[in-house]
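The structure under discussion appears below in the form of structure tokens.
To find a chain, count down the sequence lines: A is the first, B the second, and so on, and within it residues start at 1.
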2 protein chains.
Amino acid sequence: MILSEIADIKQTPQRLAIIEYLESNKVHPSALDVYKAVSERFPTMSFATVYNTLEKLKEKGLLIELSIDTGKKRFDCDTRPHHHLICVKCREIFDVFTDFILELPEDEFHGFDIIGNHVDFYGICKKCKEIEGSDLELNKD
Amino acid sequence: MILSEIADIKQTPQRLAIIEYLESNKVHPSALDVYKAVSERFPTMSFATVYNTLEKLKEKGLLIELSIDTGKKRFDCDTRPHHHLICVKCREIFDVFTDFILELPEDEFHGFDIIGNHVDFYGICKKCKEIEGSDLELNKD
DNA sequence: GAAAAATTTGAATTTAATATAATTTTTAAA
DNA sequence: TTTAAAAATTATATTAAATTCAAATTTTTC
């Protein structure tokens, strides 16, 4: 996200703090994550401001809403086309920038106009593998 | 889902009604959808029974929980490996049974053990295209 | 500098999910 | 067949995330 791209959105201190947080990490945070992080620096900030800002950025196409977690939305400020690698244990999400050619055969179109695709790779991340390993040592459940 | 597969789950009338509903449609319903449909025939049935049953079927691997909608879980009783085609307007979901070869290059592994993948195709379904068309005729917003 | 517009805040509301305790049903043993 | 234990269902309560809204504040425009 480039500042010039948000020229038509009023750059309030709260919004800049939210954008800065979104850009400074790769965790694909939830609205609550954003609120927690930003309200440390802006103790008076309201949850509604976080929601409003995320919604506004989404409208402008500067932020992508992910429905990877059931129960809560997560946000990705990298709007370049890319895929995801998701840990099935801790739900950590990594970006995948390899491009895949995915041609859907005509007979699977179901009458749709197709506009895009997205691949989720599933697996177990390094951290969770280590935890799992030590769990097994201690307690073979 | 085959009845023999649920041999180790007690087959109560409520559960059978839920399973029958899940198998009789292709809409990938939410828990609320299931409750609404099944409680027409079982007016006394509680929401908790729907949740418990869905959870139990999920545990047994007879049902897949989809996180395609933000805000609510949706369920797919077709446990064969397959992908999805999703309408970005109405969130209707169609199944895609084409198999794609998706080799993630080593340098994108991020230390994961990879166990699977899933492709979502996005587009606009027939119904929504028609609505959009007639909307444009009536009211060019 | 005043009026209008936009944003932020704090609180309330809604929706989906989950948990719990009491009742009912089923199972299995005597 | 009766009865105790286990399991499932129900109705209700609680929690979590999302959304809405009016009042207060800030910014913009004239």
Side-chain angles (χ1 to χ4, degrees), chain A residues 3 6-22 27-60 62-76 90-91 93, chain B residues 3 6-22 27-60 62-76 90-91 93:
Chain A
L3 277 190
I6 58 165
D8 57 340
I9 296 175
K10 224 173 273 181
Q11 293 173 37
T12 66
Q14 293 90 335
R15 285 181 180 171
L16 289 174
I18 290 168
I19 290 167
E20 198 181 307
Y21 170 72
L22 287 170
V27 301
H28 304 77
S30 69
L32 186 65
D33 294 333
V34 176
Y35 174 70
K36 277 184 192 162
V38 180
S39 63
E40 274 178 27
R41 285 199 294 144
F42 270 84
T44 69
M45 191 167 60
S46 145
F47 217 98
T49 300
V50 173
Y51 274 108
N52 291 343
T53 301
L54 293 175
E55 196 56 36
K56 189 137 283 188
L57 292 172
K58 207 176 75 185
E59 268 172 33
K60 298 288 174 187
L62 303 172
L63 193 61
I64 293 165
E65 184 182 296
L66 308 177
S67 46
I68 270 167
D69 267 358
T70 51
K72 64 186 160 192
K73 295 174 180 175
R74 292 177 67 171
F75 296 90
D76 190 344
C90 66
R91 306 309 286 183
I93 303 168
Chain B
L3 278 190
I6 58 164
D8 58 340
I9 296 176
K10 223 173 273 181
Q11 293 174 38
T12 67
Q14 291 92 335
R15 285 181 179 170
L16 289 173
I18 290 168
I19 289 166
E20 197 181 308
Y21 170 72
L22 287 170
V27 302
H28 304 77
S30 68
L32 186 65
D33 294 331
V34 176
Y35 175 69
K36 277 185 192 160
V38 180
S39 63
E40 274 177 28
R41 285 200 292 143
F42 269 84
T44 69
M45 190 168 58
S46 146
F47 216 99
T49 301
V50 173
Y51 273 107
N52 291 344
T53 302
L54 294 174
E55 196 56 35
K56 190 137 285 188
L57 292 172
K58 207 177 74 185
E59 268 172 33
K60 299 288 175 187
L62 303 172
L63 193 61
I64 294 166
E65 183 183 298
L66 308 176
S67 46
I68 268 166
D69 266 0
T70 51
K72 63 185 161 194
K73 296 174 180 175
R74 292 177 67 170
F75 296 91
D76 190 345
C90 67
R91 307 307 287 182
I93 303 168

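- Distance, B:Leu54 CG to D:dA8 C1': 15 Å, rounded to whole Å.
- With rounding to the nearest 0.5 angstrom, the CG atom of A:Leu57 is 5.0 Å from the CD1 atom of A:Ile19.
- Listed by first and then second residue, the side-chain hydrogen bond (donor to acceptor under 3.5 Å, both in side chains) pairs involving residues 31-42 of chain B are B:Ser30-B:Asp33 (not counting sequence neighbours).
- Only A:Ala48, listed by number, bring a heavy atom of residues 34-50 of chain A to less than 4.0 angstrom from any atom of DNA chain D.
- For the pair A:Asn52 CG and C:dA6 C1', the computed distance is 11 Å after rounding to whole Å.
- For B:Ser67, the side chain to side chain contact (heavy atoms under 4.5 Å, CB included) partners at least two apart in sequence or on another chain are A:Thr70.
- The distance from atom CG of B:Leu32 to atom P of C:dT14 is 16 Å, rounded to the nearest whole Å.
- Distance, A:Glu55 CD to D:dA17 P: 18 Å, rounded to whole Å.
- Proximity of A:Tyr51 to the phosphate of D:dA18: a side-chain N or O atom is located under 4.0 Å from OP1 or OP2.
- Across residues 66-75 of chain A, A:Gly71, A:Lys72, A:Lys73 each have a non-hydrogen atom less than 4.0 Å from an atom of DNA chain D (numbered order).
- Closest of all the heavy-atom pairs between A:Phe75 and A:Ala31 is CE1-N, 4.0 Å.
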Could you check B:His28 against B:Ile68 for side-chain contact (heavy atoms from CB on, under 4.5 Å), going step by step and ending with a plain yes or no? CA-CA 10 Å; B:His28 304 77; B:Ile68 268 166; over 6 Å; no
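- We find the OG1-CZ distance between B:Thr12 and B:Phe42 to be 7.5 Å, quoted to the nearest 0.5 Å.
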Can you check side-chain contact (heavy atoms from CB on, under 4.5 Å) on B:Val38 and B:Val50, steps first, answer last? CA-CA 9 Å; B:Val38 180; B:Val50 173; 5.7 Å; no
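- Under the salt bridge (charged side-chain N to carboxylate O under 4.0 Å, His left out) criterion, A:Arg15 pairs with no residue at all, not counting sequence neighbours.
- Close to D:dA8, at under 4.0 Å from its OP1 or OP2, lies no side-chain N or O of B:Gln11.
- For residues 43-58 of chain A, every residue pair satisfying the side-chain hydrogen bond (donor to acceptor under 3.5 Å, both in side chains) rule, not counting sequence neighbours, is listed here: A:Glu55-A:Lys58, A:Lys58-A:Glu65.
- A:Glu59 has its CD atom 14 Å from the P atom of C:dA6, to the nearest Å.
- At a threshold of 4.5 Å between non-hydrogen side-chain atoms, the residues A:Ile93 and A:Arg74 count as touching.
- Atom NZ in A:Lys56 sits roughly 9 Å away from atom P in C:dA6 (whole-Å rounding).
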When you check every protein heavy atom under 4.0 Å of nucleotides 25-30 of chain D, what one-letter string (B, S, -) results, 5' to 3'? ---S--
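- As a whole-Å value, the separation of A:Gln14 CD from C:dT9 C1' is 10 Å.
- Rounded to an integer number of Å, the gap from CG of A:Leu16 to P of C:dT7 is 13 Å.
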Should B:Leu32 and B:Lys72 be marked as a side-chain contact (heavy atoms from CB on, under 4.5 Å) after you check the CA-CA gap, both sets of side-chain angles, and the distance that decides it? CA-CA 9 Å; B:Leu32 186 65; B:Lys72 63 185 161 194; over 6 Å; no
